[in-house]
Amino acid sequence: MTELLNDTQVAEALEHLPEWRQDGAQLSRTVEFASFPQAIQAVTRIAEIAESENHHPDMDIRWRTVVFHCSTHSMGGITANDTSLAQEIDNVVEQLRS
């Protein structure tokens, strides 16, 4: 099982995830997509990734804006699984914006 990251480790991870921020015991990113269908397409792709990894982000959809929260709920905080998932979310966002 993966271990909780300490504040220094989270800060180091965020250096490679510039769109993300630490929000208490989770990582958060807000993305505004070009349209509602594009936002739903992103959520669908990320849901497939999350399901295959059995590690699921919280996603809040408001029209074309999606807020992503990554946290390992069973551990009560941020783990390497969350930083990895955040990078995968970034990859999906980048692909859709290209």
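Just so it is clear, the values below take in all heavy atoms, side chains as well, and ignore hydrogens, waters and symmetry mates. Quick caveat: nothing in here was measured; it's all calculated off a predicted structure.
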R97 atom CZ, neighbour heavy-atom count above 12 within 6.0 Å: yes
Backbone of Q9 reached by a side-chain donor or acceptor of N6 within 3.5 Å: yes
Heavy-atom check, side chain of H55 versus side chain of T72, under 4.5 Å: yes
Side chain to side chain, S84 and E88, heavy atoms closer than 4.5 Å: yes
Exercise: identify the closest heavy-atom pair between M59 and V66: CB-CG1, 4.4 Å
same_hphob_cluster(V93, L96) at 4.5 Å side-chain heavy-atom cutoff: yes
Separation between CZ of R29 and CH2 of W20, rounded to the nearest 0.5 Å: 7.0 Å
Donor-acceptor pair between N91 and Q87 side chains, under 3.5 angstrom: yes
Spacing of T44 atom OG1 and I40 atom CD1 [to the nearest 0.5 Å]: 6.5 Å
For L4 against G76, the heavy-atom pair lying closest together: CD2-C, 4.2 Å
Spacing of Q38 atom CD and Q41 atom CD [to the nearest 0.5 Å]: 6.5 Å
Atom pair CG/CZ of L27 and R21 - distance to nearest 0.5 Å: 10.0 Å
Separation between NE2 of H73 and CE of M75, rounded to the nearest 0.5 Å: 13.0 Å
Nearest non-hydrogen partners of H69 and S28, listed with the distance: ND1-OG, 2.7 Å
N/O donor-acceptor pair under 3.5 Å between Q95 side chain and V92 backbone: no
Considering all heavy atoms, the nearest H56-N54 contact: CE1-OD1, 3.5 Å
Which atom of G77 lies closest to which atom of S71, heavy atoms considered: O-OG, 3.3 Å
Joint hydrophobic cluster, V67 plus W63, side-chain heavy atoms closer than 4.5 Å: no
Interatomic spacing from CD in Q22 to CG in D7 - rounded to 0.5 Å: 5.5 Å
D82 and T79: side chain donor to acceptor below 3.5 Å: yes
For T83 against A13, the heavy-atom pair lying closest together: CG2-CB, 3.5 Å
